[in-house]
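So the structure is just underneath, and the comments pick up after that.
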Amino acid sequence: MNERYNFAEIEKKWQIYWEDNDSFKTVEDPDKEKYYVLEMFPYPSGKLHMGHVRNYSIGDVIARQKHMAGYNVLHPMGWDAFGLPAENAAIKNGVEPSLWTLSNIEEMKTQLKTMGFSYDWDREIASCKPDYYKWMQWLFIQFFNNGLAYKKENPVNWCSSCKTVLANEQVVDGACERCKTPVGKKKLSQWYFKITDYAEELLESLNTLDGWPNKVKIMQRNWIGKSVGADVNFDIYNTDKNISVFTTRPDTLFGVTSMVFAPEHPLVEELVTGTEYEATVMEYVKKAQILSDVERSTTDREKTGVFTGHYCVNPMTGKNVPIYVSDYVLMDYGTGAVMGVPAHDQRDFEFATKFRLDIIPVVDTDNPEIDVNNLKEAFDAEGTMINSGKFNGMNNKETIEEIIKDIEEKGIGKRSVNYRLRDWLISRQRYWGAPIPMIYCEDCGWVPEEEENLPVMLPKDVEFTGKGESPLVTSKTFVKAKCPKCGKQGNREIDTMDTFLDSSWYFLRFCDPQNSEKAFDKEKTDYWMNVDQYIGGVEHAILHLLYSRFFQAALCDMGLVSTKEPFTNLLTQGMVIKDGKKMSKSIGNVVSPEKIINKYGSDTARLFILFAAPPEKELDWLDAGVEGSYRFLNRVYRLVYELTDKVKAAPDSYKPVTSSDKEILCILHNAIKKVTDDTSGRFQFNTAISAIMELVNGIYKYKEIENANEGIIKDCIENLIVILSPFTPHICEEMWQHIGHDSSVYNMAWPEYDKDALIKDTVEIVVQVNGKVKEKLNMASDLNKDEFEKTAMESESIKALVEGLNIVKIITVPGKLINIVVK
RNA sequence: GCCGGAGUGGCGGAAUUGGCAGACGCACAGGACUUAAAAUCCUGCGAUCCUUACAGAUCGUACCGGUUCGAUCCCGGUCUCCGGCACCA
């Protein structure tokens, strides 16, 4: 160890040491309690950014601390390697996507290794490799065989820039989540995963996820969007047809004064064909289809619509109500038609006002400011039923239940639940993804490829036309295939899978990454699953985290895994920002991890990123703050260097004598306690580090006093290195070796703090008068309540303060404070 | 519009169960060491008032109010910012 802190040399040395000694290799060990730490695996863009550094530094502290605390820790890393950038690079530069991706992986892996993360690299996986996507395809077939994958034609989200369809979850504010291009509609036949079958389960089971941030659970709840109500049948007057509508407000049935169909509703054309209304209605329908989702779904847009010439019968009143078509009604929610209750629904109110339809109130209120017979806007609060026959006078909330019973008895409707969640569209018209292992046969329909023929390899002889059809169609070898059922010539599916499928089960493959017989061995997943601590950005709150939960639940039902939920605890780390803005090339405020590592070393980078903010919050990158972390590591290094001889010569046991001895030991054990608590469960690395800083400051002071005990110095220095090591492992290994150890500090047992050391002989007692701090007195900590009060009351300054006043009450918190209430 | 979350010094943040507001760090200022600088070490650092000084007083956790001996923390209301959803019947 040099006199000066040479981070470059030290970091290199220990990275080689860990690699040569297989320090982070993990195998199943039934005798040891396991702990699975997982950070969301990266897309191999080629460059590590600060968000990665933050994500993986957090995970590494947890993994290292848990290892030292005696757990058998699984801490793997891999690559979410399929996806658009590789293919776009191929179109632009003519590089083969696989080569581009694999070289990026190499580059990023080197960068990750310079950070000193404790990954078991033997478990590395890359989703673009045939040994991974083979099992992706196998899993697809399991979903298909269990009725959870199907193909249907539907208007789908289409990104004209990415030239592919998108799942609902990938459309943000009406635009493509990746490239921000406004999303259009296209009618295509596509593969879907039946995530809606699991809507209720995914919703219910959120309640069991105590280790998840509330925010994420609420976002998922909203996304699933459960509504409880009833389906009600309306007969269409003068026809043999009827229409069912979903409503959450069966109590307002008597107030229905119109029926409104979505423009796409199949009955619309049927009803108007051959009538005088055909021309105007069909023109409206055509116009609506051109509108983009964004245009159509703005709430402040004026309502539009056309009358169809037909009426349907309000089943409660028997009265005819007109049927309209309007684009505020969505085809893919409920039944694609809604009953119009203008008095109690704002949208219906606007529609009725515009088309001069009847507004019949059926819920009244005591509120004197609202006259339900002369409404300025819809009244949607609680109230008393009116104009509703036998239900008049009841509370409307209670009426909901009564009316559902009533319509069920009459056979005109039934209780019903609707979800906003839609099935997951998983086809992509792109090359760089796992081929969907399905073959279309004219006789047998869609048939899965046989297991022994997996993987269905991505062909190399393709043209990247960028035209919006899967490039696989251009392969001369790929498309034609024999039907696995009847042997007749068929065609392979040419679309590839959404890459979110790859990431929906990678945590299972990490348990058994090299298995060539199965996707994963159940015994192994039974040992390692669930992921005890999952860490990643909150931007995946709905997408990846919902899909993975769906996969796990479905695989559990298929008997492939044993638990319904994959991630026991979730930590969503905040963004790294600079100057108040997200780091981005266009703003020019990007700080590259590489530069920081070269200038200060990765230990400094890790320390700063963990110290500057609690993990869930945004982290403001401050160059001066990095300097500070670097300064601290130098300070620790100098301290250890200076005290090494004393530490080596010191006896193993000692007896604290002086108050300084007790004070420094109190600081030491407080630091051990704080770091233990803050790295397991609470995850407040910033305060853990500040406790270590206090310890360092304490040792600096203690070593200067005349009769400093060398045994205590040794105890402090050794524990300091051990508890700092999860944060800054390289420098700690170096110091650990220097003070005379020949094994890695990573293999040291995590220290336990001594409760007794935290108890002080004397404590500072706060004396308040009427709740205001007036005096601080030192007292023996073992005084009882009466003695506390007595000591306080006898103090000169307190006597002076309360003199001549009437003492009403004295409140005492032993060991902390005394509050004297006077008048 | 609906649903969440947050608001504390010049800055990042701390206060874990209702009990000393501002730990730890950054920035800044003064000093020591040095021919000098860097590095390092020491001291100060919420506001206002008062005092020659030592010290002291009052206010202060977005704003208004409440509960309590005592509120950054609990309750009611207001404002601002951030995030999610949004014509979902």
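A note on names: the letters A, B, ... follow the listed sequences, proteins ahead of strands, and every chain is numbered from 1.
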Practice task
Would you mind reading off the distance between A:Leu695 atom CG and B:G25 atom C1', rounded to a whole angstrom?
Solution key: 16 Å
Exercise for the section: With the side chain of A:Glu694 defined as its heavy atoms from C-beta on, choose the nearest nucleotide among B:A23, B:A27, B:C20. Expected result: B:A23
Handout entry: Phosphate OP1/OP2 of B:A38: any A:Arg631 side-chain N/O under 4.0 Å
Key = no
Handout entry: Residues A:Ile609, A:Leu619; criterion side-chain contact (heavy atoms from CB on, under 4.5 Å); working and verdict
Key = CA-CA 8 Å; A:Ile609 226 166; A:Leu619 184 145; 3.9 Å; yes
Handout entry: Heavy-atom side-chain contact between A:Leu817 and A:Val767 under 4.5 Å
Key = no
Problem - Main-chain N/O of A:Leu166 paired to A:Asn157 side chain as donor or acceptor, under 3.5 Å - result: yes
Practice task
Answer yes or no: is there an ion pair linking A:Glu752 with A:Lys673, defined by an N-O contact shorter than 4.0 Å?
Solution key: no
Handout entry: A:Lys581 bridged to A:Asp579 by N-O distance under 4.0 Å
Key = no
Exercise for the section: Go along nucleotides 1-16 of chain B 5' to 3' and tag each nucleotide: B for a protein heavy atom under 4.0 Å from its base, S when only backbone or sugar atoms are that close, - otherwise. Expected result: --S--------BSSSB
Problem - A:Ile811, nearest nucleotide to its side chain (from B:U40, B:A89, B:C69) - result: B:C69
Handout entry: B:U17 to B:C75 separation - P atoms, rounded to the nearest Å
Key = 15 Å
Completion exercise
The nucleotide from B:G84, B:C87, B:C69 with an atom nearest the side chain of A:Met219 is B:G84
Exercise for the section: Can you tell me, in whole Å, how much space there is between the C1' of B:C63 and that of B:U80? Expected result: 10 Å
Handout entry: Per A:Arg420 side chain, nearest of listed nucleotides B:G19, B:A27, B:A86
Key = B:A86
Strictly under 3.5 Å: I want the nitrogen or oxygen pairs between protein and nucleotides 41-44 of chain B, one per line.
from: B:C41; atom 1: OP1; to: A:Arg635; atom 2: NH1; distance (Å): 2.5

Exercise for the section: Find out whether A:Ile807 and A:Val821 are in side-chain contact, i.e. whether some heavy atom of one side chain is under 4.5 Å from a heavy atom of the other. Expected result: no
Problem - Polar side-chain atom of A:Arg606 near backbone of A:Phe727 as donor-acceptor pair, under 3.5 Å - result: yes
Exercise for the section: Determine whether the side chains of A:Asp231 and A:Ser416 contain a donor N or O and an acceptor N or O closer than 3.5 Å. Expected result: yes
Practice task
Map A:Gly336 and A:Val821 onto RNA chain B by nearest heavy atom, then report which one ends up closer to the 5' terminus.
Solution key: A:Val821
Handout entry: Check against side-chain contact (heavy atoms from CB on, under 4.5 Å), A:Ile596 and A:Trp621
Key = CA-CA 12 Å; A:Ile596 297 297; A:Trp621 188 271; 3.7 Å; yes
Problem - Integer angstrom distance from the P of B:A23 to that of B:C45 - result: 10 Å
Fill in the blank from the handout: Pairs under 3.5 Å (Watson-Crick or G-U), crossing ones as [ ], inter-strand ones as |: RNA chain B comes out as (((((((..(((......[....))).(((((.......))))).((((......))))..(((((..]....))))))))))))....
Handout entry: Worked check of ring pair (Phe, Tyr, Trp, His ring centres under 6.0 Å) between A:Tyr324 and A:Phe351
Key = CA-CA 10 Å; A:Tyr324 278 77; A:Phe351 192 78; 5.3 Å; yes
Problem - C1' spacing across the pair B:G9 / B:A21, given as an integer number of angstrom - result: 11 Å
Handout entry: Span that lies between the P atom of B:U67 and that of B:A86, in whole angstrom
Key = 43 Å
Practice task
Examine the side chains of A:Tyr284 and A:Thr304 and answer whether a donor and an acceptor come within less than 3.5 Å of each other.
Solution key: yes
Handout entry: Interatomic distance, A:Asn168 CG vs B:G84 P [rounded to whole Å]
Key = 17 Å
Exercise for the section: Evaluate side-chain contact (heavy atoms from CB on, under 4.5 Å) for A:Ile236 paired with A:Leu267, printing each intermediate quantity in order. Expected result: CA-CA 11 Å; A:Ile236 299 178; A:Leu267 261 184; 4.1 Å; yes
Problem - Spacing of the P atoms in B:A39 and B:G30 (rounded, Å) - result: 16 Å
Handout entry: Whole-angstrom distance between B:C20 and B:C73, as gauged at atom C1'
Key = 15 Å
Practice task
Go through B:C87, B:A89, B:A27 for me and flag the one nearest to the A:Asp327 side chain.
Solution key: B:C87
